[in-house]
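Reading through the structure tokens given below for one structure.
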There are 2 protein chains.
Amino acid sequence: MIMKKTKVLSLDHHSEASILETAKSVFLKRGYFGTRMQEIADAAGINKAMLHYYFRSKDKIFEAIFRESFNCIFPKILEILNSDEMLKQKIQSFFSRYIDTLLENPHIPGFIMHEIAHNPERLNSFFQQHLADIPKKFIKQIKDEIDAGNIIKIDPRQIIVNILCLAVFPFAAKPLIQYVLNLKDAEYKNFMNDRKKILPEFVIRAIKT
Amino acid sequence: MIMKKTKVLSLDHHSEASILETAKSVFLKRGYFGTRMQEIADAAGINKAMLHYYFRSKDKIFEAIFRESFNCIFPKILEILNSDEMLKQKIQSFFSRYIDTLLENPHIPGFIMHEIAHNPERLNSFFQQHLADIPKKFIKQIKDEIDAGNIIKIDPRQIIVNILCLAVFPFAAKPLIQYVLNLKDAEYKNFMNDRKKILPEFVIRAIKT
DNA sequence: AAATTATTTAACCATTTAGTTAATTTCAAA
DNA sequence: TTTGAAATTAACTAAATGGTTAAATAATTT
């Protein structure tokens, strides 16, 4: 039974996209197993059957949302690390742009990390060859700077991991950091914004000769 | 109906502790909602009813395991950061001891972060007053070093967060890091062990004047 | 050994959950 | 205005899940 979707705006203007947006907020907050189809339906203000009518199954919705979240995060890393900027400028760009992205999608890091920990095989279907070697160019760049004597001798992979740590972790651990440092939402946001300036300086000081 | 537990070793020598240990491995891998009581029972080689006989409910088991995991991680941070060592020595101790702890319990960071993101109120019942001000002493120490001109002017909280980022994140993101850097388990472990030496140098270079 | 208490099991229960169905309503085109 | 497809709903199903029970077995005490 094939259904043509001639995209007629429904009575309550619930587009496929807006339902998916709602589903995303639920999945990101609760994780796959913590999410109930009924909760998505309620949040979207539609009947549960409509969810299946549009998206077939929970897995299908999840898959779409995971893909979207993943693609919101990783291509950007690739793009920045593969740019032709100088190392110092690149590090600055990375933190600035990446923290901005995460401030707008604070749940994504925790979501992706948890779901990948739970189902690592998923990585295979998401990373294509062109993504699998993300760090190659950046690694070469670091190596060149080491050879030129501009930065200290250090495994380039360790630098990459450190940069990712510093950018991503505070989002994944947001509730903990807010609690321990006693930060309200606005203060937390300020704290993260400060990091856009602090982190490049921190990393560059740590590695320059 | 009160039951005295006169601790008789059961036929198949399934002690309460060993069952809890099994439950822990399942909860840590799957998270609260991903865990099935039947799976714990199977893994422990006991009847599902026995789980309830010993521990009453899924929540009770989870609570015990979360508490244990939490206490495996946080008091150690407190202990090291509240020691009387000099700043440099303290940073070295922290990374070395903490990474060792996490190498033995690699699932805990992701587990705790996910469960806290899902239920932040839990923090209130776990952090007591004496834990809530963990960073106070360390913050003072950093301030003093800044005033003495030994380290650069920087919000001490940012340093604390950076140190935590660098130590904890690679465990929470283990599958991702292994995939992107193409590391087998043994190589990943070596990579983490290297960090015990690299990270203190990295942080100290970043902040010293 | 008899009686009592603790442990273990299989079968069961109530609820929740993802997913289905069949009937109804809405909408647009003819 | 009729018609046919798309959108929507309520009621349903089958499976899974946390939890219970009552009976059986093992261990301990008397």
Side-chain angles (χ1 to χ4, degrees), chain A residues 1-66 115 118-119 122, chain B residues 1-66 115 118-119 122:
Chain A
M1 193 192 309
I2 299 158
M3 317 186 172
K4 264 188 301 178
K5 291 272 180 57
T6 47
K7 207 42 1 202
V8 175
L9 213 51
S10 75
L11 198 62
D12 293 329
H13 56 77
H14 284 125
S15 66
E16 233 175 270
S18 78
I19 294 171
L20 209 58
E21 203 55 36
T22 304
K24 187 177 174 182
S25 76
V26 177
F27 270 118
L28 258 61
K29 248 181 284 177
R30 304 227 184 286
Y32 182 82
F33 287 109
T35 293
R36 300 286 99 99
M37 294 294 271
Q38 189 61 59
E39 188 182 352
I40 297 176
D42 290 347
I46 59 170
N47 189 294
K48 181 162 69 81
M50 282 304 289
L51 270 183
H52 289 93
Y53 177 70
Y54 275 121
F55 307 106
R56 300 294 306 167
S57 72
K58 184 181 182 181
D59 275 307
K60 284 273 197 316
I61 304 181
F62 179 79
E63 178 80 5
I65 284 163
F66 186 87
E115 300 301 335
H118 188 282
N119 183 3
R122 207 189 299 273
Chain B
M1 192 194 307
I2 299 158
M3 317 184 171
K4 263 188 301 177
K5 290 271 180 57
T6 46
K7 207 47 357 206
V8 175
L9 212 51
S10 76
L11 198 60
D12 292 330
H13 57 74
H14 284 124
S15 66
E16 235 175 88
S18 79
I19 295 172
L20 209 57
E21 203 56 35
T22 304
K24 186 176 174 181
S25 76
V26 177
F27 269 118
L28 257 63
K29 248 181 281 177
R30 304 228 184 284
Y32 182 82
F33 287 108
T35 294
R36 300 284 99 100
M37 294 294 273
Q38 188 60 59
E39 189 182 351
I40 297 175
D42 290 347
I46 60 171
N47 189 293
K48 181 162 69 83
M50 283 304 288
L51 271 183
H52 290 94
Y53 176 72
Y54 274 122
F55 306 107
R56 300 292 307 167
S57 72
K58 185 181 182 182
D59 276 306
K60 285 273 199 313
I61 304 181
F62 179 79
E63 178 79 7
I65 285 163
F66 185 88
E115 299 302 336
H118 190 283
N119 182 3
R122 207 189 298 273

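Every heavy atom of this structure was used, including side-chain atoms; hydrogens, water molecules and symmetry mates were not. Naming: A, B, ... by sequence-line order, numbering from 1 per chain.
If A:Ala49 and B:Ala49 are placed on DNA chain C by their nearest nucleotide, the residue sitting closer to the 5' end is B:Ala49.
Atom P of nucleotide C:dA18 and atom CZ of A:Arg30 are separated by 13 Å, given to the nearest angstrom. The nearest whole Å value for the distance from the CG atom in A:Asn47 to the P atom in C:dA22 is 16 Å. In this entry the distance linking OH of A:Tyr32 with P of C:dA18 reads 8 Å, nearest Å. B:Phe55 places its CZ atom 12 Å from the P atom of C:dT8, with the value rounded to the nearest Å. Rounding to whole angstrom units, NZ of residue A:Lys58 and C1' of C:dT17 are separated by 8 Å. Protein atom NZ of A:Lys48 is 10 Å distant from nucleotide atom C1' of D:dT13, rounded to whole Å. If you measure from atom CD of A:Glu39 to atom C1' of C:dT16, you get 14 Å, rounded to the nearest angstrom. Distance CZ (B:Arg36) to P (D:dG19): 11 Å, rounded to an integer number of Å.
Checking C:dT20, D:dT20, C:dA10 against every side-chain atom of A:His52, the shortest atom distance belongs to C:dT20. With C:dA10, C:dG19, D:dA7 as the candidates, the nucleotide lying closest to the side chain of A:Tyr53 is D:dA7. The nucleotide whose nearest atom lies closest to any side-chain atom of B:Met37 is, among D:dG18, D:dA10, C:dT9, D:dG18.
You'll find the side chain of A:Met50 reaches within 4.5 Å of the side chain of A:Asn47, heavy atoms only.
Under 4.0 Å is where a charged nitrogen must lie from a carboxylate oxygen, and between A:Arg122 and A:Glu63 at least one such pair does.
To the nearest 0.5 Å, the span separating CZ on A:Phe27 from OG1 on A:Thr35 amounts to 4.5 Å.
Residue contacts shown for B:Met50 include a base, since a base heavy atom lies under 4.0 Å away.
No donor-acceptor contact under 3.5 angstrom links the side chains of B:Asn119 and B:Tyr32, judged on distance only.
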